[in-house]
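Have a look at the structure below before the remarks.
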2 protein chains.
Amino acid sequence: MPKIGDKLRELRRRRDLSGRELALRSGISHAAISLIERDHMSPSIDTLTAILDALGTTLTGFFMDLPSRLPYTPFYGASELVEIGKPQAISYRMIGMNHPNRQLLMLHETYTEGADTGLAFTHTAQEAGMVTRGAIELTVGSECRVLHSGDGYYFDSRLPHRFRNVAPGKSEILSAITPPTY
Amino acid sequence: MPKIGDKLRELRRRRDLSGRELALRSGISHAAISLIERDHMSPSIDTLTAILDALGTTLTGFFMDLPSRLPYTPFYGASELVEIGKPQAISYRMIGMNHPNRQLLMLHETYTEGADTGLAFTHTAQEAGMVTRGAIELTVGSECRVLHSGDGYYFDSRLPHRFRNVAPGKSEILSAITPPTY
DNA sequence: AGGGCTTGTTTAGTATTTTTAACACTCCTA
DNA sequence: TAGGAGTGTTAAAAATACTAAACAAGCCCT
């Protein structure tokens, strides 16, 4: 009943993949992919999962559809990023402040030497990021690790988490949170 | 792969429906429902849609709050980021690949000299990011601007957009997209 | 023009889902 | 105690998803 074919094909094309390439990555035959994309058959959850997986997507993301938007300016110069933290300790500079219907919160975080968020909980949200400078000790639940420039993270904000700057000087993170619970 | 059985049974029980009653309302046999609920078979999108329909739910709603009961590691070392692009031109390295129910897609993008995405459209999504190295010419709708290290952006992916590396060498972006339908 | 690559489609056969029908069990009630 | 009406599970056929192989069309060579 749901016509997922067009959406799937569009997704694949956007990634610049041929049917055969996607078949190879997903483990599904290219014939099946062709049939699914033209709505000639309704894939099982398992096969659709495999396909979306190879496209870097999830069932949730795939089936989600959002309402409309307004015109605005998409650019945010480094100096225009709005500060929503405490620059003396931890600076949170926000990207996308003026967006009419924000659904994710993107932050440029700067930690001064020794800065520490302490243990934090949030409602149900998800958080991802990458260290771009220095070294950050990240604790999530019972796990702990030091992340250096280029290392990333992704966790459920429901778990208690804590960021601590362990570099001799400033550290920086670029992070994203959804939904934007700020 | 995804074990949707428990969630389905829980949903049905919460509505105080028997397997046969749900079968009647959905048009699916009660045997099939039993098998699906015990993860003995992977339903097609059509049949799952019919079942969820009878339960007053949608595919989106169903997959959105699928419990993430799987243990996972929130850390992603720089070398573990999964490549979903084409390193010769534009590399998209994904943070959060193993997350059980991803709701945002975070990417570390590396553009080789002169790399160009060409004009791209998406359905309804939102995208934010910051240039961390080099210089990127970003076009969104009718607007165009060159972003340097430290500059950010936030736009609606429904608008036609294009990234082009205009630096003499590699450029890098750290970006986030939600929902993860890139 | 003709090979050799790619692309997406079709067809026939295999595997899996889905149905139909029977089985086993509990809880009522006569 | 026996029977009916409810529940969920299993075992057969039937229908459908899926695969493997062949087909057709386009593009780039020389």
Side-chain angles (χ1 to χ4, degrees), chain A residues 1-59 62-63, chain B residues 1-59 62-63 66 83-90 114-121 123:
Chain A
M1 310 172 165
K3 24 159 190 154
I4 65 175
D6 286 348
K7 199 168 179 182
L8 262 182
R9 173 155 293 186
E10 182 199 335
L11 258 176
R12 174 171 67 79
R13 289 258 158 86
R14 190 176 311 143
R15 295 279 320 278
D16 201 19
L17 292 175
S18 71
R20 281 177 166 81
E21 258 175 85
L22 178 56
L24 211 63
R25 295 195 187 187
S26 63
I28 307 299
S29 71
H30 61 279
I33 287 173
S34 173
L35 292 169
I36 294 169
E37 285 184 346
R38 282 171 302 127
D39 291 317
H40 285 192
M41 72 180 206
S42 177
S44 75
I45 294 296
D46 278 356
T47 59
L48 183 57
T49 302
I51 293 173
L52 293 178
D53 216 48
L55 289 170
T57 310
T58 63
L59 289 166
F62 182 74
F63 287 116
Chain B
M1 304 165 162
K3 20 179 189 189
I4 64 176
D6 287 348
K7 176 75 182 174
L8 262 181
R9 175 155 291 187
E10 180 197 339
L11 258 176
R12 174 171 66 81
R13 289 257 157 85
R14 192 179 306 153
R15 310 264 193 290
D16 202 19
L17 292 174
S18 72
R20 280 179 164 83
E21 254 176 89
L22 177 56
L24 210 64
R25 296 194 189 186
S26 62
I28 307 299
S29 72
H30 60 280
I33 287 172
S34 172
L35 292 169
I36 293 169
E37 285 184 345
R38 281 172 302 127
D39 290 317
H40 285 190
M41 73 181 205
S42 177
S44 75
I45 294 296
D46 278 356
T47 60
L48 183 57
T49 302
I51 293 173
L52 292 178
D53 218 46
L55 289 171
T57 312
T58 62
L59 288 167
F62 180 73
F63 287 116
L66 252 188
E83 173 67 55
I84 61 173
K86 303 193 168 171
Q88 320 86 292
I90 307 176
D116 186 343
T117 63
L119 223 50
F121 315 78
H123 263 177

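Numbers restart at 1 for each chain; the letters A, B, ... are given by sequence-line order, proteins then strands.
In this structure, CG of B/Leu48 is placed 15 Å from C1' of D/dA17, rounded to the nearest angstrom. As rounded to whole Å, 13 Å separates atom C1' of D/dG8 from atom CG of B/Leu22. Protein atom CD of B/Glu21 is 13 Å distant from nucleotide atom C1' of D/dA5, rounded to whole Å. Between the CG atom of A/Asp46 and the C1' atom of C/dT18 there is a distance of 15 Å, given to the nearest Å. For A/His40 and D/dT19, the NE2 to P distance is 18 Å, given to the nearest whole Å. As rounded to whole Å, 15 Å separates atom C1' of C/dT16 from atom CD1 of B/Ile45. One can place CG of B/Leu35 at 16 Å from C1' of C/dA15, the figure rounded to the nearest angstrom. One can place CD1 of B/Ile33 at 12 Å from P of D/dT7, the figure rounded to the nearest angstrom.
Within 3.5 Å, a donor on the side chain of B/Arg20 pairs with an acceptor on the base of D/dG8, or the reverse.
Listed nucleotides: C/dG8, D/dC18, C/dT18. Nearest to the side chain of A/Arg9: C/dG8. In this structure, of D/dT10, D/dC18, D/dG8, it is D/dG8 that holds the atom nearest to the side chain of B/Arg12. For A/Thr47, the listed nucleotide lying nearest its side chain is D/dC18; candidates were D/dT10, C/dT9, D/dC18. Considering only side-chain atoms of B/His30, the nucleotide from C/dG8, C/dA22, D/dT7 that sits closest is C/dA22. Between C/dT19, D/dG8, D/dC18, one nucleotide has an atom nearer to the side chain of A/Met41 than all others, and that is D/dC18. Of the candidate nucleotides D/dA17, D/dG8, C/dT19, C/dT19 has the atom nearest to the side chain of B/Ile28.
At D/dG8, one or more side-chain N or O atoms of B/Arg13 fall inside 4.0 Å of OP1 or OP2 (strictly under the cut-off). Taking only side-chain nitrogens and oxygens, A/Arg38 comes nearer than 4.0 Å to OP1 or OP2 of C/dT10.
B/Pro43 is listed as a side-chain neighbour of B/Ile4, based on a closest heavy-atom distance under 4.5 Å. The closest side-chain heavy-atom distance from B/Leu48 to B/Phe63 is below 4.5 Å. A 4.5 Å side-chain heavy-atom check between B/Asp116 and B/Ile90 finds every atom pair outside the cut-off.
The main-chain N or O of A/His30 is never found under 3.5 Å from a side-chain atom of A/Ser34 such that the two would form a donor-acceptor pair.
Here B/Ser29 lies in heavy-atom contact (under 4.0 Å) with a base. As judged by a 4.0 angstrom heavy-atom cut-off over every strand, B/Ser44 is placed among residues touching the sugar-phosphate backbone only.
Between B/Ser42 and B/Ala31, the residue anchored closer to the 5' end of DNA chain C is B/Ser42, taking for each the nucleotide with the nearest heavy atom.
Across all their heavy atoms, B/Ile33 and B/Gly19 have their closest contact at CD1-O, 3.9 Å.
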